[in-house]
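Structure first, commentary second.
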Amino acid sequence: MSSEPARPEPVRHHDHGQWLVQFTGRVLVVCPRCGGRALVVPLPGMEAPKYFSALLFRPRRLTCAGCGAIADWTAEERGAGLVGAVPGGTEDPFFRRPLWLQTRCAGRILWAYDEEHVDALAGYVGARLRERHASPTMGMFARLPAWMKSAERRDEVLAGLETLRALARLQAPADRSDAAHERGDRPRHSGSMLFRGGPY
């Protein structure tokens with residue numbers, strides 16, 4: 001019988017090809033009026049989409065509990081179709097407001113849409129073993145920048161994600177991260193279109 005203590009099982013992450021768009025159901029942004037935390041969600045009263053890719057075309061509402069600001073977004077119409085939003089970068093894909101959850105990390109900007117997004121990133125970054133169970137073409141984890149995937153940066157990135165988690169609980173303009181401002185790094189529009197048979 002061995003007297004060596006049992007080694008803990010390495011933390012394992014299973015990548016099933018989750019897309020970034022799946023985290024756009026709730027996006028924390030900087031309010032365009034007061035600079036505090038505002039929330040972007042699908043327009044209330046709509047039934048749940050059949051496919052998560054439909055989230056790119058769903059009407060959205062921005063609301064700020066601090067100052068009462070409200071704004072609505074609808075996808076641009078082009079002929080019989082709708083032009084979808086494109087997720088990615090430090091601005092929300094709908095109103096193009098700076099994300100509330102941004103912080104400086106490893107000489108770069110670390111960002112997330114909401115707490116669920118932070119948790120998903122932390123699960124991936126903190127894992128010692130990463131297994132891919134899907135095509136990397138559209139998967140969020142496969143497309144993360146190399147600095148976030150690096151084992152050498154793991155502790156630094158996890159600390160940055162904890163900062164984002166703390167920011168998610170704050171909402172006053174004075175609580176805003178110094179990294180949360182417009183930087184024009186939105187992705188180029190890929191021209192995603194939804195052809196519909198009736199009104200959305």
Side-chain angles (χ1 to χ4, degrees), residues 18-46 52 54-76 82-125 140 143-145 147-148 153 156-190 192:
Q18 200 167 19
W19 290 19
L20 180 59
V21 67
Q22 292 176 260
F23 294 96
T24 63
R26 183 174 182 273
V27 183
L28 303 177
V29 301
V30 175
C31 175
R33 185 192 291 172
C34 72
R37 187 191 73 198
L39 178 64
V40 174
V41 294
L43 209 58
M46 300 186 73
F52 63 79
L55 289 169
L56 295 172
F57 307 93
R58 310 270 343 233
R60 301 289 170 138
R61 175 161 291 164
L62 179 152
T63 57
C64 178
C67 71
I70 296 177
D72 288 338
W73 175 91
T74 54
E76 174 194 340
L82 297 174
V83 180
V86 181
T90 59
E91 296 175 355
D92 91 272
F94 308 99
F95 296 91
R96 296 301 187 184
R97 295 297 306 147
L99 297 176
W100 181 259
L101 299 185
Q102 295 187 61
T103 189
R104 299 180 193 286
C105 180
R108 295 164 178 88
I109 300 297
L110 181 64
W111 57 268
Y113 288 144
D114 71 350
E115 302 93 317
E116 183 185 1
H117 191 189
V118 171
D119 291 343
L121 291 171
Y124 178 83
V125 171
M140 175 182 75
R143 300 174 128 208
L144 289 175
W147 66 271
M148 284 185 69
R153 298 278 192 189
E156 199 172 352
V157 175
L158 288 173
L161 290 168
E162 280 304 313
T163 299
L164 296 186
R165 194 173 276 117
L167 277 170
R169 294 188 292 267
L170 305 174
Q171 63 183 25
D175 298 328
R176 177 178 172 180
S177 164
D178 70 336
H181 58 81
E182 294 178 20
R183 55 179 57 78
D185 65 348
R186 69 184 67 169
R188 267 193 331 190
H189 206 292
S190 62
S192 54

Out of Leu110, Asp114, Leu99, Leu121, which residue meets the side chain to side chain contact (heavy atoms under 4.5 Å, CB included) rule with Leu164?
Leu110
Flag the pair Cys105 / Thr163 as yes when at least one side-chain heavy-atom distance between them is below 4.5 Å, and no otherwise.
no
So OG1 of Thr24 and CG of Leu56: to nearest 0.5 Å the spacing works out to 6.0 Å
Test your reading of the model: is there a side-chain donor-acceptor pair from Arg26 to the backbone of Leu39, 3.5 Å cut-off?
no
Closest heavy-atom contact between Leu170 and Arg37?
O-NH1, 3.1 Å
Please tell me if the side chains of Gln18 and Phe23 come closer than 4.5 Å, counting only heavy atoms from C-beta onward.
yes
Over all heavy atoms of both residues, which pair between Met140 and Ala120 is shortest? Give the atoms and the distance, please.
CE-CB, 4.4 Å
Any side-chain heavy atom of Asp175 within less than 4.5 Å of one from Trp100?
yes
Do side-chain atoms of Ser177 reach the backbone of Gln102 as a donor and acceptor pair under 3.5 angstrom?
yes
Minimum-distance pair of heavy atoms, taken over all atoms of Arg97 and Val30:
NE-O, 3.0 Å
What is the ring orientation for Trp73 with Phe94, classed by angle as parallel under 30°, tilted 30 to 60°, or perpendicular over 60°?
perpendicular
Any sub-3.5 Å donor-acceptor pair from Arg108's side-chain atoms to Ala106's backbone N or O?
yes
Between Tyr113 and Leu20, is the side chain to side chain contact (heavy atoms under 4.5 Å, CB included) condition met? List the steps.
CA-CA 9 Å; Tyr113 288 144; Leu20 180 59; 3.7 Å; yes
Looking only at non-hydrogen atoms, find the nearest pair between Pro32 and Leu62 and report the distance.
CD-CD2, 4.0 Å
Residue pair Cys64 / Arg33, side-chain heavy-atom distance below 4.5 Å
no
Value for CG (Leu158) from CE (Met148), rounded to nearest 0.5 Å, stands at 9.5 Å
Between Asp119 and Arg165, is a side chain to side chain contact (heavy atoms under 4.5 Å, CB included) present by the stated rule, with each step listed?
CA-CA 8 Å; Asp119 291 343; Arg165 194 173 276 117; 2.6 Å; yes
Heavy-atom side-chain proximity of Val29 to Phe95 below 4.5 angstrom
no
Side-chain donor/acceptor of Arg96 to backbone N/O of Glu91, under 3.5 Å
no
Is any side-chain heavy atom of Pro59 closer than 4.5 Å to a side-chain heavy atom of Thr74?
yes
How about Arg60 and Pro42: do any of their side-chain heavy atoms sit closer than 4.5 Å?
yes
Check: Glu115 and Arg169 side chains under 4.5 Å, non-hydrogen atoms
no
Provide the closest heavy-atom pair for Leu55 versus Gln22 in the form atom of the first, atom of the second, distance.
CD1-CA, 4.4 Å
